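Notes for the one structure printed next.
Keep in mind that this is a model prediction, so the values were computed, not measured.
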Amino acid sequence: QVQLAESGGGLVQPGGSLTISCAASGNFFSIGAMGWYRRAPGSNRELVASITSGGGTNYADSVKGRFTISRDNAKNTVYLQMNSLNLEDTADYYCYAAARLRATNPGAYTAWGQGTQVTVSS
């Protein structure tokens with residue numbers, strides 16, 4: 001019903017920048033909140049950033065001032081611009097989207113992407 005396609009991951013040097021994106025497609029009425037989680041090897045999943053349909057944002061303390069989340073509602077796409085990357089940012093990044101499947105059903109369906117790998121290494 002809702003598919004999320006992530007792109008933009010890769011290898012970057014410490015101090016570098018990278019932007020990852022996630023586009024929602026499928027059969028749904030609207031997309032609400034979108035965001036990114038990450039999971040580093042041997043670590044728990046961590047909420048990195050989220051953004052509401054109205055543009056309100058929230059960030060993990062570990063990325064404040066370095067990462068910026070944005071979205072294009074016309075394209076149902078969320079972006080995560082990552083600056084000043086460090087070794088601790090190495091992880092698989094997963095996007096999510098809270099979709100409203102039908103106009104007559106206000107309930108939210110949470111879709112998840114497959115993940116995109118970000119590796120910070122010299």
Side-chain angles (χ1 to χ4, degrees):
Q1 290 166 315
V2 184
Q3 292 82 42
L4 299 182
E6 297 145 331
S7 61
L11 175 65
V12 62
Q13 292 186 337
S17 298
L18 198 65
T19 298
I20 54 178
S21 63
C22 172
S25 63
N27 188 10
F28 52 85
F29 175 70
S30 65
I31 297 290
M34 302 182 79
W36 295 90
Y37 278 83
R38 68 185 179 185
R39 176 173 282 153
S43 299
N44 294 326
R45 187 180 67 174
E46 174 188 25
L47 176 61
V48 178
S50 62
I51 184 168
T52 67
S53 57
T57 59
N58 183 53
Y59 296 92
D61 288 342
S62 59
V63 307
K64 282 180 181 177
R66 300 188 299 121
F67 290 11
T68 301
I69 190 170
S70 61
R71 64 189 287 169
D72 183 335
N73 289 333
K75 297 180 179 179
N76 292 313
T77 299
V78 63
Y79 306 92
L80 186 67
Q81 180 180 348
M82 303 179 287
N83 298 325
S84 301
L85 285 160
N86 56 55
L87 300 179
E88 289 70 36
D89 296 316
T90 295
D92 291 324
Y93 285 71
Y94 300 87
C95 73
Y96 73 90
R100 183 173 174 179
L101 299 182
R102 300 287 182 267
T104 55
N105 182 1
Y109 168 84
T110 302
W112 290 91
Q114 293 292 318
T116 186
Q117 189 173 57
V118 174
T119 303
V120 184
S121 175
S122 56

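- R100 contributes atom CZ, which lies 11.0 Å from atom OG of S53 (distance to the nearest 0.5 angstrom).
- When every heavy atom of Y94 is checked against every heavy atom of G115, the shortest pair comes out as CD2-CA, 3.5 Å.
- The nearest pair of heavy atoms linking R102 to N27 is NH2-ND2, 3.9 Å.
- At most 12 non-hydrogen atoms from other residues, nucleotides or ligands lie less than 6.0 angstrom from CD of Q114.
- Between A98 and A108, the shortest heavy-atom distance links the atoms CB-CB, 4.4 Å.
- In this structure a side-chain-to-backbone donor-acceptor pair under 3.5 Å is present from Y59 to I69.
- Between D72 and Y79 there is a side-chain heavy-atom pair separated by less than 4.5 Å.
- L18 and L87 fall within a single hydrophobic cluster, where Ile, Leu, Val, Met, Phe, Trp and Tyr side chains are chained together by heavy-atom contacts under 4.5 Å.
- Residues Y37 and Y96 bring their aromatic ring centres within 6.0 Å.
- How far OG1 of T19 is from CG of L80: 8.0 Å, rounded to the nearest 0.5 Å.
- Residues I20 and M34 share a hydrophobic cluster, clusters being chains of Ile/Leu/Val/Met/Phe/Trp/Tyr side chains in contact below 4.5 Å.
- Under a hydrophobic clustering in which Ile, Leu, Val, Met, Phe, Trp and Tyr are joined whenever their side-chain heavy atoms come within less than 4.5 Å, directly or via other members, W36 and F67 fall into the same cluster.
- Smallest separation of non-hydrogen atoms from E46 and A60: OE2-CB, 3.9 Å.
- When each of V78, T77, N76 is tested with I31 by the rule side-chain contact (heavy atoms from CB on, under 4.5 Å), just one qualifies, namely N76.
- We find the CD-SG distance between E6 and C95 to be 4.0 Å, quoted to the nearest 0.5 Å.
- Contact of the R38 side chain with the S62 side chain is registered, since non-hydrogen atoms from C-beta on lie closer than 4.5 Å.
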(request) Under the side chain to side chain contact (heavy atoms under 4.5 Å, CB included) rule, what do V63 and M82 come out as? Steps first, then yes or no, please. (result) CA-CA 8 Å; V63 307; M82 303 179 287; over 6 Å; no
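- Summarising the geometry of S122 relative to P14, their closest heavy-atom pair is N-CD, 3.7 Å, with the distance given to 0.1 Å.
- L11 and Y93 sit in two unconnected hydrophobic clusters of ILVMFWY residues. Membership requires side-chain heavy atoms under 4.5 Å apart, directly or through other members.
- Taken together through direct or relayed side-chain contacts under 4.5 Å among Ile, Leu, Val, Met, Phe, Trp and Tyr, V120 and V48 form part of one hydrophobic cluster.
- When all heavy atoms are compared, the tightest approach of P41 to T90 is CD-O, 4.2 Å.
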